[in-house]
Every structure is written in structure tokens, then in C-alpha cells.
Amino acid sequence: MLEHLKQVDPEIAEHVQLETQRQHDKIRLIPSENYVSSAVLEVSGTVLTNKYSEGYPGRRYYEGQQHIDPIERLAIERAKSLFGAEAANVQPYSGSPANLAVYFAFCRPGDTVMGMALDHGGHLTHGWGVSITGAYFNPVRYGLHPETHLIDYDAMRDLARKHRPKLLIAGATAYPRIIDFQIFADVAKEIGAIYMVDMAHIAGLVAGGAHPSPVPLADIVTTTTHKTLRGPRGGMILMKKEHRKSIQKAVFPGLQGGPHNHTTGGIAVALKEAATDDFRAYAHKVVENARHLAEQLSEKGFKLVSGGTDNHLILIDVTSRGTTGKPYARALDLAGIECNYNTVPFDPRPPFDPSGVRIGTPALTSRGMGKPEMAQLADWMHRVIENQENEAELGRIAAEVKELCAAFPAPGIPR
Ligand code: DSN
């Protein structure tokens, strides 16, 4: 493995090998991460990376597209068929560019846009102040109900009626519950807004039938391709036919140059994999594992935002256990369990050391872990919080985690 890289650049080769080992030996709980298959890895590292192909299949600004066009067409057709979409663009470099393309297609600077607040679980590109989407547009933000920590749909509707945004965005990066896409659709229709859903976190669950689909309801659905969908790092836009022309123009030449063809190839392969019965089973298992893990964590005294989960993700407020997000996430990492610290709704603490951690089950489910492993994991998470300063105990847990991981091969990582 890596024979040429080792010769040309042993330093980078060593880091790649160490990262491979790290991904093998740890339980990876960051809910936006996963393991791609060997087939996706293979295509991502091919000569497709050498080719420029600005434009779209059949209408390029460079010659030599005999093999690139069919690859992009396959990716588009597979995306349409998997999600039941009328049209698809597979060129966005990732989720943020996909979202920006939608702004560029439908809004002009200063226009009012409306999305979920970042500190309630939304995304930077849903109109948060430090993002270009908050700086160049006029963002209005909805959020969660202070008691239930579920989306406050009534307040969202009131805000939409008052501010009449041009673009209404549903979707989240840290929301553990099913989003009612129909309510947003009704509001968008009432106020005449373009309705966009960012389904980046749940795309794989939607593909596998483990989460309701926003595709029939929304004008536009954006997604990354690398989270629950288990493809390479990339983005996609699904849309109604009537919006195809505007989105195509917004992605290229509006926002991007040439598509990354090695990624398009990886997306095509991942979409083929996501159309299988195995993937459907995987998507359901992700949700089932998250539910089991949430139950076990609750029993051990952890406080979960909204009380549990309906999807792949769990948000834990750790302040009632006498700690905060950052030191707990760090201790977990030393114990071989990787997650990210995260604000919780109405968090009084700063984002660099917030009250919570965010965890999820997409990656561990790709390794075949199930109910017994969720109980074991909750037990380790409990031991870590009780022994946060005890490096020897954290080291012992890391060794136990590594032993468990050895029994669950990770896709794309040779045994
Ligand atoms: N950074 C991604 C996540 O971790 O949820 C969202 O873009």
C-alpha cells in the first residue's frame, strides 16, 4: 500500500498510515463522518483528477470528455432515481458551495433569507452572521422551543409571515429529531418563498427509507455526499425541473470552475451502493443504534437534548455531570472515542467550550456494530466522565476500545 507515496514523500505517507490506523482503532462518533467503501476510495484516487471539464455533459469548454461525460451522467441519473428527484446537479464541491449556489440562483445581496440558528442546530450557511450568507443577505433565524427543544414551528411560521423571506431553509447539523418538512412547505407556499432543504446530515437515512424525504416537497434539496450517504467529500443539488436552469447557471459558471471528476466518480459509485438492500438495512441500523445508545446513555444519567433521538445523532448536555463539552470530548478522545464538542440549545457557555458534545452512529454502524456494542459504548462514556482527569483509566479504556474495533473491520481499511 502507498508504495509510490512512501518513496516520493515518506512524511505524508507516514501521516496517511497513522490516520488509517487511527480511524481503525477508534470509535468514531462524529455524526457527519463515515467510512467510504474501497470502491469509492479507488475511484477517488484515479486519473479522473487530471481532467478539466467546465460545463455540463454534452456542453463542455474542454475537449476529451469521452469518459467524463458518461461518469457525470451516471451520477446524475443515479441521484435522480435514488431520491426520486426531477433534476440533479452533482458538481458542488461540498455542502457550503451547494448552499451558496442556491442563494446565488434566487437571491441578491440584501434579500431576506430564513434558516435555523446555528446555536439551535442549523448550519453556518443558513444565514449565520460570520458566514457570507449572514453578511451579504438579511438573515432571519428561527429556533427551538425553550422547553421541548424541538423546532418551534409556530414561531417559525410567525417569523416567516412577518419577514417574508425570499428563501426559506429547513435542515440542521445538530438536531436529533425528525424535521416536519411539510410544515415548512406550507409556510413557503403561503409566503411565496423558495423552499430549500439542506439534508446533508440525513441524506443516507432518506436514501435508505429511514427518514421521511424532503425531495417531493421542496423546490431545492442540497446535500453533502460524505455523511450518512457514505460517498466522497462532495455536494449535490436536487431540484424541481423548473429550477434546473437557474441552479445549473449558479453552480457553473456562477460559483465554481471545473467539477472534481474523481469526486463525481466517487459520488456515482456511492449512489449505486446506496440503492442496494444492504444500504437500506444500514440506514435503518444507524437509527436503531442511535436509539439504543440514547437509551443506554439516559440510563447512565446523561442528559440528552430533547430527551433522545429519531435519527443518527445525539446531543448531550454534560454540564449536569460536572463538566463541559471541550474537556469531556478531549477525555473521550484519549479513551479512543472521537466526538465533537457542541453548543446545546440556549447554551449560556461560549462555542469554544460549550455545554455539550455531539455524537452519532453512522461510522460505527458501517463497521457492523449493533445493540451490544451500544451498551458497551455507553458504559465507556460513563467511565470517561467519571474519570476525566485519570489518564491511566482513559488509557485502559482506549485499549479496550481498540480491542473491540479489531473485531469490526472498517470499510476501506485493510485488516
Ligand atoms: N461540518 C459539518 C458537520 O460536522 O455537521 C456540517 O457542515
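Every number for a ligand or one of its atoms is a count from 1 in the order of the listing. Just so it is clear, the structure is predicted and the values come from calculations on it, not from any experiment.
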Are D310 and R291 ion-paired here, with the side-chain N under 4.0 Å from a carboxylate O? no
Side-chain ion pair, E386 and R383, N-O less than 4.0 Å: no
In terms of the angle between their ring planes, are Y93 and H260 parallel, tilted or perpendicular, with boundaries placed at 30° and 60°? parallel
Contact check, E33 vs ligand 1, heavy-atom distance below 4.0 Å: no
Taking only non-hydrogen atoms of S32 and a 4.0 Å limit, the atoms of ligand 1 in range are 3 (C), 4 (O), 5 (O)
Atom indices of ligand 1 within 4.0 angstrom of R358 heavy atoms, with elements: 3 (C), 4 (O), 5 (O)
Is N261 close to T49 at the side-chain level, that is, under 4.5 Å between some pair of heavy atoms? no
Which of I132, L167, V113 passes side-chain contact (heavy atoms from CB on, under 4.5 Å) with F137? Answer is V113
Identify, for [atom], the protein heavy atom at the shortest distance, and state residue, atom and that distance.
| atom | result |
| --- | --- |
| atom 5 (O) of ligand 1 | H201 NE2, 2.7 Å |
| atom 2 (C) of ligand 1 | K227 CE, 3.9 Å |
| atom 7 (O) of ligand 1 | H123 NE2, 2.9 Å |

